Amino acid sequence: MSVSLAGRRIVVSAGPTYEDIDPVRFIGNRSSGKMGFAVAAAAARRGAQVMLIAGPVHLPTPEGVQRIDVRSAQQMRDAVFAQLPADAYIGAAAVADYRPRTPLSGKLKKTGETLALELVRTPDILAELGTHALRPRRLVGFAAETDDIAHYARGKLVRKRLDLIAANRVGQPGSGFESDENALVVYAHDGEQALGPAPKTELADGLLDLVFPD
Ligand code: CTP
């Protein structure tokens, strides 16, 4: 029997962010948003009040979930912080780490044989929440890694002051961004637990059991 989440307020981020280069081009990534949408849906099924902050994705809003659509990392950050206080933040979004320094108002024309774009860091939503006065009591990150999963995931758990981080291997068939299935290893400060391989809807419930053990 899953624990009821009635009375809990949960903020979930999902999908990629798009960082504009000019009016027709952007820097994005391959996140489909499916994992975050599955987590939002599962939390709502258990009675939580769920706010889903979605990057640009093509997914219907799950039943019982409130949704705000955003585009850039900065917009996602502002939308998440506007939802505080909350009992939990589950950061399933693949937030861009860098954006073009100055998005152009007109279309960039081709000139030379090479082109250098200057990129600057975006706000790290999770890390900022980790030290914020209104830090949600449960702070959960995701880590998509190609190698050395445990090492990098545990590093982010500590650096961003998270309670849990759900790590998965990307770049292999049947797991990661575009797939309906995934396998996660969820790291806590005092242990770890493997979930799946399983459909993302099932993993979402397994993850919520770890986020809210009672
Ligand atoms: N994240 C965030 N804000 C950012 C970047 C990432 O909140 N600007 C969150 C993501 O939602 C995810 C977690 O941080 O839950 C891991 O993101 P990742 O980009 O892999 O972490 P980084 O610390 O940026 O590490 P890397 O060097 O692998 O990019």
Side-chain angles (χ1 to χ4, degrees), residues 10-20 26-40 43 50-57 59 67-84 86 88-101 119-132 134-136 138-172 175-177 182 184-189 192 195 200 203-204 207-208 210-211:
I10 302 179
V11 180
V12 180
S13 67
T17 64
Y18 285 178
E19 309 301 326
D20 288 334
F26 58 84
I27 297 173
N29 65 68
R30 291 170 57 175
S31 171
S32 65
K34 286 176 185 168
M35 190 67 231
F37 273 60
V39 170
V50 183
M51 178 57 78
L52 176 59
I53 313 294
V57 294
L59 292 172
R67 170 177 179 173
I68 296 172
D69 288 310
V70 297
R71 181 173 174 85
S72 66
Q74 183 67 47
Q75 288 170 358
M76 185 170 277
R77 182 238 166 251
D78 293 347
V80 167
F81 276 78
Q83 294 306 317
L84 299 181
Y89 172 72
I90 300 179
V95 185
D97 290 323
Y98 294 92
R99 64 170 172 83
R101 181 184 286 282
L119 305 179
V120 295
R121 288 284 292 268
T122 56
D124 188 321
I125 303 167
L126 266 182
E128 196 178 338
L129 283 170
T131 56
H132 196 273
L134 292 178
R135 180 193 189 281
R138 329 256 160 137
L139 201 53
V140 183
F142 275 75
E145 309 287 354
T146 51
D147 338 80
D148 245 344
I149 300 181
H151 172 75
Y152 287 119
R154 285 204 171 278
K156 289 172 193 178
L157 179 73
V158 173
R159 200 168 62 248
K160 302 194 187 199
R161 300 177 186 235
L162 311 179
D163 299 294
L164 294 175
I165 189 153
N168 68 297
R169 190 184 290 281
V170 290
Q172 289 189 326
S175 73
F177 282 154
N182 205 356
L184 298 174
V185 182
V186 184
Y187 298 92
H189 293 279
E192 63 187 71
L195 297 177
K200 286 180 176 174
L203 290 177
L207 179 64
L208 288 174
L210 297 175
V211 179

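In listed order, ligands and their atoms are each counted from 1. Computed from a predicted model, the values in this text were never measured in an experiment.
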Engineer: With sequence neighbours left out, write down each residue that passes side-chain contact (heavy atoms from CB on, under 4.5 Å) with R77, or none if nothing qualifies.
Structural biologist: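 With sequence neighbours excluded, R77 shows a side-chain contact (heavy atoms from CB on, under 4.5 Å) to Q74, F81, P123, I125, E128, given in chain and number order.
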
Engineer: Considering the heavy atoms of A96, write down every atom of ligand 1 situated less than 4.0 Å from one of them.
Structural biologist: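 Atoms satisfying the 4.0 Å criterion: 8 (N).
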
Engineer: Geometry only, no angles: is S13 polar-contacting ligand 1 at N/O separations under 3.5 Å?
Structural biologist: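 There is no such contact.
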
Engineer: Counting only nitrogen or oxygen atoms and a 3.5 angstrom limit, does G91 reach ligand 1?
Structural biologist: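 So ligand 1 has an N or O lying under 3.5 Å from an N or O of G91.
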
Engineer: Among protein heavy atoms, which sits nearest to atom 25 (O) of ligand 1, and what does the distance come to when rounded to 0.1 Å?
Structural biologist: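 The protein heavy atom lying closest is K156 CE, 3.1 Å.
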
Engineer: Give a yes or no on whether atom 27 (O) of ligand 1 lies under 4.0 Å from any heavy atom of the protein.
Structural biologist: no

Engineer: How does A73 reach ligand 1, if at all, at less than 4.0 Å between non-hydrogen atoms: by side chain, backbone, both, or neither?
Structural biologist: neither

Engineer: Is there any N or O on K160 that sits under 3.5 Å from an N or O of ligand 1?
Structural biologist: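 Looking only at distances, the answer is yes, because the N/O contact criterion of under 3.5 Å is met.
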
Engineer: Tell me whether the count of non-hydrogen atoms from other residues, nucleotides or ligands lying under 6.0 Å of CZ in R138 goes above 12.
Structural biologist: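 Enclosed.
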
Engineer: If I apply the N/O under 3.5 Å rule, does A92 come out as touching ligand 1?
Structural biologist: no

Engineer: Give the residue, atom name and distance (to 0.1 Å) of the protein heavy atom nearest atom 10 (C) of ligand 1.
Structural biologist: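 Checking every protein heavy atom, the shortest distance to atom 10 (C) of ligand 1 gives A93 O, 3.3 Å.
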
Engineer: Could you list the residues that satisfy side chain to side chain donor-acceptor pair (under 3.5 Å) with R101, not counting sequence neighbours?
Structural biologist: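 Checked R101 against side chain to side chain donor-acceptor pair (under 3.5 Å); matches are E118.
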
Engineer: One residue to check: D97. Relative to ligand 1, which of side chain, backbone, both or neither has a non-hydrogen atom less than 4.0 Å away?
Structural biologist: side chain

Engineer: Where the closest heavy atom to atom 7 (O) of ligand 1 is concerned, which of L129, L126, N29 has it?
Structural biologist: L126

Engineer: Under 4.0 Å from ligand 1, counting heavy atoms only, is it the side chain of R159, its backbone, both or neither?
Structural biologist: side chain

Engineer: Is it the side chain (CB and beyond), the backbone, both or neither of A94 that lies under 4.0 Å from ligand 1, heavy atoms counted?
Structural biologist: neither

Engineer: Starting from atom 3 (N) of ligand 1, which protein heavy atom do you reach first, and at what distance in Å?
Structural biologist: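 In this structure, atom 3 (N) of ligand 1 has I125 N, 3.0 Å as its nearest protein heavy atom.
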
Engineer: Please determine if P123 has a nitrogen or oxygen closer than 3.5 Å to a nitrogen or oxygen of ligand 1.
Structural biologist: yes

Engineer: Tell me the protein heavy atom at minimum distance from atom 12 (C) of ligand 1, and give that distance in Å.
Structural biologist: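 Ranking protein heavy atoms by distance from atom 12 (C) of ligand 1, first comes F142 O, 3.0 Å.
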
Engineer: Hey, which of D78, V12, V80 is the one that makes side chain to side chain contact (heavy atoms under 4.5 Å, CB included) with I53?
Structural biologist: V80

